[in-house]
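Each remark here refers to the structure printed beneath this line.
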Amino acid sequence: MIGRDEIADQKDDRKAWQLLEKTLLASVQEQRRARRWGIFFKSLTFLYLIGVLFLVSPLGQLEGAGSVGNKPHTALIEVRGTIADRQEASADNLVTSLRRAFKDEQTRAVVLRINSPGGSPVQAGYVYDEIRRLRDLHPDVPVYAVIADMGASGAYYIAAAADQIFADKASLVGSIGVTAAGFGFVETLDKLGVERRTYTAGEHKAFLDPFQPEREDEREFWQSVLGTTHRQFIDQVRKGRGDRLKEHPDLFSGLVWSGEQALELGLVDGLSSASAVARDLVGVEEMVDFTHRESPFQRFSRQLGTSIGNTLAMHLGLSAPQLR
């Protein structure tokens with residue numbers, strides 16, 4: 001028979017082996033973790049070196065605008081896509097382009113070539129105000145807006161700051177209105193048996209919550225916000241277009257018009273293209289593109305920085321505080 005002392009020794013051996021096994025497993029896990037971080041930082045260094053090499057190369061030093069010579073030219077600025085922060089047609093990019101174009105002593109006119117469905121009224125308002133400011137500083141440099149496929153909503157807001165607006169006969173022009181949309185899921189939650197719990201400080205803090213019933217007083221308030229923004233939009237269009245606008249009951253209703261219809265309504269001054277405006281109206285056929293675009297290296301740096309931040313936050317369990 002095995003004695004009690006032998007049993008105790010066996011138990012002690014098992015505990016010792018278990019402890020050793022845990023220690024070895026922990027060591028292996030730590031080595032794997034260190035290896036992963038090593039691979040990550042080696043990859044990061046490799047990408048950084050590629051970026052530096054690209055920066056010093058001729059391609060990496062491109063600024064995305066046409067070369068500016070010593071001859072008179074018509075400055076071209078593209079307004080393309082959604083007008084919103086951190087987009088190609090953001091106010092920062094467009095204002096930067098405008099300032100560069102007006103600063104150049106050989107610029108004889110600025111042409112905004114627009115192909116946009118609109119976007120943020122705030123971003124569009126910034127650009128509108130900057131165009132008016134620069135025109136006051138440079139009275140001899142006119143601004144022309146040329147609408148391609150579409151110049152609607154916030155895009156037309158920007159165009160209204162120009163001295164004249166042109167479009168193609170089939171362009172879509174106008175949409176002078178404001179919209180905000182959402183969904184309501186209250187009955188869906190009821191059918192699923194889900195209870196919505198929201199905690200706020202402020203009676204109306206959650207008034208846009210799609211999972212709560214809509215209140216009439218909050219709906220009226222939100223409509224008043226949209227109405228105020230719409231009135232501001234109309235005021236700026238009237239300020240820019242003046243008595244060229246024809247009175248029409250649906251002019252500011254949010255409808256979009258063809259280029260031909262827009263010409264009849266006074267929303268545009270003629271049917272033309274950017275090159276034709278430069279050649280026939282400005283009298284300077286050579287066009288230089290002043291559109292501000294991120295260089296490939298800038299895009300690389302921004303995307304790399306975002307990737308690094310997300311990766312570190314994921315590994316360290318960090319998240320920025322937010323107010324909602």
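Heads up: numbering here begins at 1 and tracks the sequence.
Side chains of Gln123 and Ser90: a donor-acceptor N/O pair is absent below 3.5 angstrom, by distance only.
Proximity of a side-chain donor or acceptor of Ser97 to a complementary backbone N or O of His292 within less than 3.5 Å is detected. Although no hydrogens or angles enter the test, the distance criterion places no donor-acceptor pair under 3.5 Å between the side chain of Thr107 and the main chain of Lys103. Proximity of a side-chain donor or acceptor of Ser171 to a complementary backbone N or O of Ala167 within less than 3.5 Å is not detected. Proximity of a side-chain donor or acceptor of Arg135 to a complementary backbone N or O of His138 within less than 3.5 Å is detected. With hydrogens and angles ignored, the 3.5 Å screen pairs no side-chain donor or acceptor of Glu264 with any backbone N or O of Gln261.
Between Tyr128 and Ala160, the shortest heavy-atom distance links the atoms CE1-C, 3.9 Å. The shortest heavy-atom contact between Asp104 and His73 is OD1-CE1, 3.2 Å. In this structure, Leu251 and Ile176 approach most closely via the heavy-atom pair O-CD1, 4.0 Å. Taking all atoms of both residues into account, the shortest heavy-atom contact from Phe166 to Leu271 is CD2-N, 4.3 Å. In plain terms, the two heavy atoms of Gly259 and Val268 that are nearest each other are O-CG2, 4.0 Å. Pairing each heavy atom of Leu94 with each of Ala89, the nearest pair is CD1-O, 3.8 Å.
A salt bridge links Arg113 with Glu78: the closest approach of a Lys/Arg side-chain nitrogen to an acidic carboxylate oxygen falls below 4.0 angstrom. Salt-bridge annotation for Arg80 and Glu88: present, with a side-chain N of the basic residue lying under 4.0 Å from a carboxylate O of the acidic one. Salt bridge Asp235/Arg231: present, at least one basic N to carboxylate O contact under 4.0 Å. Electrostatic pairing of Asp140 and Arg108 does not count as a salt bridge here, judged by no charged N lying under 4.0 Å from a carboxylate O. Salt bridge present: Arg241 and Asp269 bring a charged side-chain N and a carboxylate O closer than 4.0 Å. The residues Arg215 and Glu220 are annotated as not salt-bridged, no charged nitrogen and carboxylate oxygen being separated by less than 4.0 angstrom.
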What verdict does the side-chain hydrogen bond (donor to acceptor under 3.5 Å, both in side chains) test give for Glu286 and Thr74, after you've listed the backbone C-alpha separation in whole Å, the side-chain angles of each residue and the deciding distance to 0.1 Å? CA-CA 6 Å; Glu286 181 179 355; Thr74 299; over 6 Å; no
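The neighbour count for Asp217 CG, taken as heavy atoms of other residues, nucleotides or ligands under 6.0 Å away, is above 12. Counting non-hydrogen atoms of neighbouring residues, nucleotides and ligands closer than 6.0 angstrom, the OH atom of Tyr126 reaches no more than 12 such neighbours. The environment of Lys246 atom NZ is dense: over 12 non-hydrogen atoms of other residues, nucleotides or ligands sit within 6.0 angstrom. Within a 6.0 Å radius of CD in Glu216, more than 12 heavy atoms belonging to other residues, nucleotides or ligands are found.
Ring planes of Tyr157 and Phe233: parallel class, angle under 30° (limits at 30 and 60°).
Taken from CG in Leu112 to CD1 in Ile114, the straight-line distance is 5.5 Å, to the nearest 0.5 Å.
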